[in-house]
**Q** 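Have a look at this one.
Ligands are counted one by one from 1 in listed order, and the atoms in each one are counted from 1 as well. Since we're looking at a predicted model, the values are computed, not measured.
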Amino acid sequence: MFSVEDVSVSYPAKAGSTTVLEGVRLRVDAGEILTIVGGSGTGKSTLLRLLGGLAAPTGGLVRYRGTEVSGAPEGVVMVFQDYVSSLMPWRTVRENIELGLLSQSLTKEQRRERVERMVDLVKLSHAADRFPWQLSGGMQQRVQIARAMALEPDVLLMDEPFGALDAITRAELQDEIARIQSVQGTSTVFITHDVEEAIYLGDRVLVLGGSPAKVEAEYEVRFARPRDQIATREDEEFVRLRHEVHRALGHPSESEGST
Ligand SMILES: Nc1ncnc2c1ncn2[C@@H]1O[C@H](COP(=O)(O)OP(=O)(O)OP(=O)(O)O)[C@@H](O)[C@H]1O
């Protein structure tokens, strides 16, 4: 779907400019969940913004379906960590999900059908008439995911979407993303600073690191789906991968936990 070819990004700084990314090469395959893990400030969001057409590289090329990205590519939708400000407080869950569909050429009936399907998919049928402020953080993030999925995107770009959530909600939403992806076949790029999350969710994990950052390592994750929050994480292969990813991130000891 995407290919990132020798990309660099520099930002203006006090003395000239700072190069955040350099020599970044990667591809996003159709239907996969690609997770990208890296320490704080490595340039993960910058990379995702390039894919979403929200920023342009200083050097190199980003292609979507073979064509250079300039502006938001069609069929690509982003989900951000900040679910609170991304929902309209005066609209109900249903109306928030429907919002993005208003610009599509759908009949009212088709729109309604799609909204109900998404409400079901993220298990919010019981709360569909509530307003965002009447929902927990996890539920609000579900609404944001449902709104993105309602657009039936070919690619979903997620920037640390569960960063602000508690561990239990986070685990639930990880499983939900994997389930939705298996139903819809959406290609997903998922940014996180959490090594376990990256392995648990990903078909492939890329480690972004260095200064300026590039793809330092790549791992295939071959666990069958659906995965299991306990059994998968206890699997020897999972533990091995976790060690390797931590090592690639330059962590001296795993006792430090996530990045
Ligand atoms: N618009 C900008 N102008 C100048 N510098 C920027 C800009 N956006 C990001 N940066 C800098 O680029 C570096 C990478 O930022 P980015 O947000 O991409 O990292 P990240 O890996 O997503 O970080 P985090 O995990 O903390 O969200 C940081 O040092 C940041 O300060």
**Q** Any link between Ile33 and Leu157 through a network of hydrophobic side chains (Ile, Leu, Val, Met, Phe, Trp, Tyr) touching at under 4.5 Å?
**A** no
**Q** Using 4.0 Å as the upper bound for N to carboxylate O, is an ion pair formed by Asp175 and Arg227?
**A** no
**Q** Is a salt bridge present between Arg242 and Glu244, judged by a nitrogen-to-oxygen distance below 4.0 Å?
**A** no
**Q** Would you call Arg233 and Asp235 a salt bridge, using N to O less than 4.0 angstrom?
**A** no
**Q** So which pairs with a foot in residues 37-69 pass ring pair (Phe, Tyr, Trp, His ring centres under 6.0 Å), sequence neighbours left out?
**A** Phe2-Tyr64
**Q** Protein residues near ligand 1, heavy-atom distance below 4.0 Å?
**A** Tyr11, Val20, Gly39, Ser40, Gly41, Thr42, Gly43, Lys44, Ser45, Thr46, Glu160
**Q** Would you call the rings of Phe223 and Phe238 parallel, tilted or perpendicular, where under 30° means parallel and over 60° means perpendicular?
**A** tilted
